[in-house]
There are 2 protein chains.
Amino acid sequence: MSIRVGIVGYGNLSRGVESAIRQNPDLELVAVFTRRDPSALKIKTAGVPVCSVDDLENWKEKIDVLVLGGGSATDLPEQTPKYAQWFNVVDSFDTHAKIPAHFANVDEAARKSGHVGIISVGWDPGMFSLIRMVSTSVLPEGSNYTFWGRGVSQGHSDAIRRIPGVKDARQYTVPVEASVESVRRGENPELTTRQMHTRECYVVAEEGADLAQIEKQIKEMPNYFADYDTTVHFISQEELNEKHGGLPHGGFVLRSGVTGFDKENKHIVEYRLQLDSNPEFTGSVIAAYVRAAYKLNKEGQTGCKTVFDIAPIYLSPESPDEVRAHLL
Amino acid sequence: MSIRVGIVGYGNLSRGVESAIRQNPDLELVAVFTRRDPSALKIKTAGVPVCSVDDLENWKEKIDVLVLGGGSATDLPEQTPKYAQWFNVVDSFDTHAKIPAHFANVDEAARKSGHVGIISVGWDPGMFSLIRMVSTSVLPEGSNYTFWGRGVSQGHSDAIRRIPGVKDARQYTVPVEASVESVRRGENPELTTRQMHTRECYVVAEEGADLAQIEKQIKEMPNYFADYDTTVHFISQEELNEKHGGLPHGGFVLRSGVTGFDKENKHIVEYRLQLDSNPEFTGSVIAAYVRAAYKLNKEGQTGCKTVFDIAPIYLSPESPDEVRAHLL
């Protein structure tokens, strides 16, 4: 019998989860839930119903784990605790500063209802967090470095699109290779924001727009661009669609630490992701943690969990004996 | 109150554990145990007694976790189950084919006595296993690649030293960079043994030894060298001591996988270690799992565990709240 999965929302991430479910024979998509008119939404998996989120309570006995595909700004703070009263839930909440509050809310709801809620699943937070945490525990004297990219930042792309005169835009976050190399050599550099990443913007302007003014507004935008070396390229909509249609991403987590009675030995731990599709990889991580949520709850566990709280064995469809025999 | 740790044996690995304990304020070394004459062994940590392994049973109430620093061939198969009757134990058993049997023996002893035994802790098996397993769960359709080096293989160095006419030797395992690059590009190559690693040997010959004969014996040695491109350099003992005195190691674990409705997107997960000191890094991993063994047993858990069975949070000296706030 497979694990019955529901998905709330049908944006990029939800479609990534839908795709990942097909690659995991022990998972089965049973319904997608939308806040809009269900009849207007066509999903890729044949035979699976699209329902209204208002129906969710009626699916209590028909779904083992509900994945919340929404955004961290407004969707998840409300949805994850709400649906944890009826389901085991998994989300990808990624507003780092608000994780403690979100954790507390989900924990309370999930404990009360006897479910498991796994929050902040993906690659950062998620896989990168796991590496940072394990590496920090193994090498307690050292420094962590996280570089993102080369990849599309949807938040930064959106920020550019809000500038008057901009029709469309795509922003790439790019790690500064010289800084990555310095960390790899064990030099423990202190890096400013500018020394860690550059930002490349591909912008489609409306006809007659003041390009110099748009470029200035991008480069001076606080938080998003002002602290970075930013380059702006104006291109046509056709070129944007053709060359910048994907959502690649990735990055590096490095820990540089020392050991020895005189701290004489250096060690570098590096974890790198190169992802053709950010939402599909994130969806794949979520699929593995859907399995974990199901197994943990079957064992009687309840409450909110993060990647830190879950033993790796729960992610695998194989038995502990099999995994020990061929992956240890 | 700190976690009281004992170490059995005082070879390279045990000294690595001793060094790591100093970097973890919540761990305290309380005794080192030897099979030889304790009065002949001087350890680096002042004030800590050296005792005979025959006394171990008397330390039952004075040690929280016992680390077994011995070898996988003969020491650990006997010692780990034996000492699990009195202590929580951690070892670095690394004979992959014999892990299931070792697991079963330690599990039986540890369950019976109410202790936790964590086996096969280090970087491979250990950290590399963790990455292979998590990455395989996240990207179920793909291939795993493990490259070791550049680093000293003690087993291969020993094999060379057993050849008549050889006074001393050091062997480096070196990953074939072109193969690593091909995996990184997502080409999913099928690699032979020869295409994955080369072997570099630095050999000190006895005076008057037949160098051509030694080189031939190394290069034709089955299992160890015959399947590899092997280079042999004859050098002086002084040069060996000066340039090849360390025990650096490291390597790469890569998983190359696909996602998408048409499997159209590639993803590469890469984990890389560059270690100045193999035994000190291994000792540092063990120190983190010593903490885990202690915490798990405090919670009432018993039996044999591997890195797959332990939630990352147990490795950290920090509280779950702290870790969530700054590492997630």
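For I131(A), the part lying near chain B is the side chain, with the backbone staying farther off; criterion is any non-hydrogen pair under 4.5 Å. In this structure, chain A has no heavy atom under 4.5 Å from any part of D94(B). If you measure heavy-atom distances from R184(B) to chain A, the contacts under 4.5 Å come from both the backbone and the side chain. V307(A) touches chain B through backbone and side chain together, each having a heavy atom under 4.5 Å away. Both the backbone and the side chain of K266(A) come within less than 4.5 Å of a heavy atom in chain B. When heavy atoms are compared at a cutoff of 4.5 Å, K263(A) approaches chain B solely by way of its side chain, counted from C-beta outward. Using a 4.5 Å cut-off between heavy atoms, S316(B) contacts chain A through both its backbone and its side chain. Using a 4.5 Å cut-off between heavy atoms, L139(B) contacts chain A through its side chain alone, with no backbone atom that close. Both the backbone and the side chain of L275(A) have a heavy atom closer than 4.5 Å to some heavy atom of chain B. For T306(A), the part sitting under 4.5 Å from any heavy atom of chain B is the side chain, from C-beta outward, and nothing else. In this structure, chain A has heavy atoms under 4.5 Å from both the backbone and the side chain of I268(B). Heavy atoms of L273(B) lying under 4.5 Å from chain A belong to its backbone as well as its side chain. Of the two parts of F252(B), neither the backbone nor the side chain holds a non-hydrogen atom closer than 4.5 Å to a non-hydrogen atom of chain A. Of the two parts of T136(B), only the side chain, counted from C-beta on, holds a non-hydrogen atom closer than 4.5 Å to a non-hydrogen atom of chain A.
The distance from the OG1 atom of T259(A) to the CD atom of E280(B) is 3.5 Å, given to the nearest 0.5 Å. With rounding to the nearest 0.5 angstrom, the CZ atom of R22(A) is 11.5 Å from the CD atom of E141(B). Considering OH of Y289(A) and OG of S137(B), their distance stands at 9.0 Å, rounded to 0.5 Å.
Between chain B and the options T146(A), N144(A), V285(A), the largest number of non-hydrogen pairs under 4.5 Å is found for V285(A). Ranked by heavy-atom pairs under 4.5 Å with chain A, the first of I286(B), D309(B), L254(B) is D309(B).
When side chains are defined from C-beta on, S284(A) does not count as touching H267(B), because their heavy atoms never get closer than 4.5 Å. When side chains are defined from C-beta on, D276(A) does not count as touching E264(B), because their heavy atoms never get closer than 4.5 Å. Side-chain contact between L315(A) and V134(B) is present, with at least one heavy-atom pair separated by less than 4.5 Å. Looking only at side-chain heavy atoms (C-beta outward), F281(A) and N265(B) stay at 4.5 Å or farther from each other. At a threshold of 4.5 Å between non-hydrogen side-chain atoms, the residues F261(A) and E18(B) count as touching.
The 12-atom threshold is not exceeded at CD of E108(B), counting heavy atoms of other residues, nucleotides or ligands nearer than 6.0 Å.
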Does the pair I313(A) and M133(B) meet the rule for a side chain to side chain contact (heavy atoms under 4.5 Å, CB included), with working shown?
-> CA-CA 8 Å; I313(A) 191 66; M133(B) 202 271 219; 3.9 Å; yes
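Distance alone, capped at 3.5 Å, is enough to place a donor-acceptor pair between the Q23(A) side chain and the V258(B) backbone. Here the side chain of E270(A) pairs no donor or acceptor atom with the backbone of E270(B) at under 3.5 angstrom.
Scanning residues 319-328 of chain A against chain B with a 4.5 Å non-hydrogen threshold yields V323(A), R324(A), L327(A), L328(A), sorted by number.
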